[in-house]
Trainee: 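Input: one structure, supplied below.
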Amino acid sequence: MSSYNLAAQGGGNIFLIPNATFFVELAIFLIVLGVIWRYVVPPVKRMMNERQEMIRQQIQESQQASERLAQAEARYSEALAQARVEAAKIRESARADAQQIRDELREQAEQEVARIRERGEEQLATQREQVVRELRGELGTLAVTLAERIIGDSVADEGRRAGTVDRFLDELQGMAAPDSAPQEDSAPQEDKAPQSSSAPQEDSAAEAVSVSPGRRRR
Amino acid sequence: MSERVLAAGGGGVQVGEHPTWHVWGLTINADTVISTALAAVIVVGIGLYLAAKASSGVPSKLQVAFEAVTDQVERQVQSNVGIRTAPFVVPLAVTLFFFILISNWLAILPHAWEQRVGPPTADVNLTFALAFFVIILVHVTGIRVNGKHYFKHFTQPYAAMLPLNIIEELSKPITLALRLFGNILAGGVMVSVLALLPAAVSWLPTSAWKLFDLFIGLLQALIFALLTIIYFGFAVGDQEDAQEEGAR
């Protein structure tokens, strides 16, 4: 139907058949193709390749960076763990030191205590010695005085008096010696000592008195 | 009915009518040549501008578009032909795509200029020129790559298929050319028909149609470039089969 129209207006031109324009068109296209082929595609492709290369490099770098980051993190956590272990070790050794110091101090204190106690006992012993020595001096005269007063007779005989006193003191010593062996009961011992010493003293005095009648009987 | 309308339009719609030059006894369609030259200048101008401005850094939008097309074409060529077998197919297909695209998009020029510039692809002279050029190149490539084996594919799968295969090969450039031509010509005819409407009404469908025409133009450029690659693929793909057969 349109061909009728065309026929009426264009004078039988069949437009599906190319005419000489074909060659002009072909030439123009070849020019375009040549220009694009030679001057446009290569530089753009080169740029594309460069950019791809760049992107590849960047990806690589970022991978490397993340690897390094992971390594650093690993190192950090390792160092942290090490530090924790070390801290624990230090704490442990500090505790051990403290224990040692405490032990040492306790030992020292105990030694001190022991030493002080020893010295106190020594002192005590010396004092007792002294007391005994004093007693030794005084007791004789006291006993003699007492005996003289009781028997009304002078026991001035030096030999007998000394014998009596020595015997008495030996007895006294014999009583005190077993008591002094346990050192802890020094205070009760001191309490006991005068008692025990006073009892034999009276006994010996009584003995001395009882002896005296015998001698008086004679 | 449309015939009556066309006839009543006082020559409103003319199909295949071209102002002509006569050179050395040859008839040359003046408007097609002018339009083609315009499209060529635009394509070459954009291309050279792009090449001058191209950078491996942040690309311009134009460069991105060009690179996208080139990249896509390269991928197609790689999967259909093999870049190493026929590396020249890439610039050819890229040029075809952009040249046809710009030619088609000349349709957005005012309808009143039709006698001087319009889409040159609405003339069979350009589309035949492109299609025959492509097909000849396809066959040349096929022969150059495959040698004598290339002609074997005319007798595949049976020797009796020879006539059909010959017809198929002959129809390739014709369909390639006429598909493009028909689509673009139809777009122009549609605008011509719409132009018969009163101007107060016609602007809306004309604008809508021209937008759609741009889409058609893009699609046809794409199809032409893609088919070119596929035809190259056929021509070269036979070679691989032949080589495999030879190896057996």
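Letters A, B, ... mirror the listed sequences (proteins, then strands); counts begin at 1.
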Trainee: Between I31(A) and chain B, with a heavy-atom cut-off of 4.5 Å, which part of the residue counts as in contact: side chain, backbone, both or neither?
Mentor: neither
Trainee: Please report the interatomic distance CD(Q52(A)) to CG(D71(B)), rounded to the nearest 0.5 Å.
Mentor: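 Separation between the atoms: 7.0 Å.
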Trainee: Measure the CZ-CD1 distance between F99(B) and I36(A) for me, rounded to the nearest 0.5 Å.
Mentor: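 Result: 10.0 Å between the selected atoms.
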Trainee: Assess the residue pair F133(B) and L33(A) against the criterion (side-chain contact (heavy atoms from CB on, under 4.5 Å)); give the C-alpha distance rounded to whole Å, side-chain angles, the decisive distance to 0.1 Å, and a yes or no.
Mentor: CA-CA 11 Å; F133(B) 177 72; L33(A) 178 63; 3.7 Å; yes
Trainee: So, for I28(A) and V33(B), which heavy atoms are closest and what is the spacing to 0.1 Å?
Mentor: CD1-O, 4.0 Å
Trainee: So which of F98(B), Y49(B), F128(B) has the biggest tally of heavy-atom pairs under 4.5 Å with chain A?
Mentor: F128(B)
Trainee: Determine the minimum heavy-atom distance between V32(A) and A40(B), stating which atoms define it.
Mentor: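 So the minimum-distance heavy-atom pair works out to CG2-CB, 3.2 Å.
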Trainee: Output the option from L130(B), L50(B), V94(B), D123(B) having the highest count of non-hydrogen pairs under 4.5 Å with chain A.
Mentor: L130(B)
Trainee: Find the distance between CD (E25(A)) and CG (N125(B)) and round it off to the nearest 0.5 Å.
Mentor: 6.0 Å
Trainee: Side-chain contact, heavy-atom cut-off 4.5 Å: F22(A) with V124(B)?
Mentor: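 Result no, sub-4.5 Å side-chain heavy-atom pair not found.
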Trainee: Working to the nearest 0.5 angstrom, can you tell me the gap between E67(B) CD and R51(A) CZ?
Mentor: 4.0 Å
Trainee: Is it the backbone or the side chain of F132(B) that comes under 4.5 Å from a heavy atom of chain A, or both, or neither?
Mentor: side chain
Trainee: Please work out which of the three classes, parallel, tilted or perpendicular, describes the rings of F88(B) and W37(A), given edges at 30° and 60°.
Mentor: parallel
Trainee: Applying side-chain contact (heavy atoms from CB on, under 4.5 Å), name anything that partners T228(B), two or more places apart in sequence or on another chain.
Mentor: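 If we apply the side-chain contact (heavy atoms from CB on, under 4.5 Å) test to T228(B), skipping adjacent residues, the hits are L92(B), L96(B), V134(B), F224(B), F232(B).
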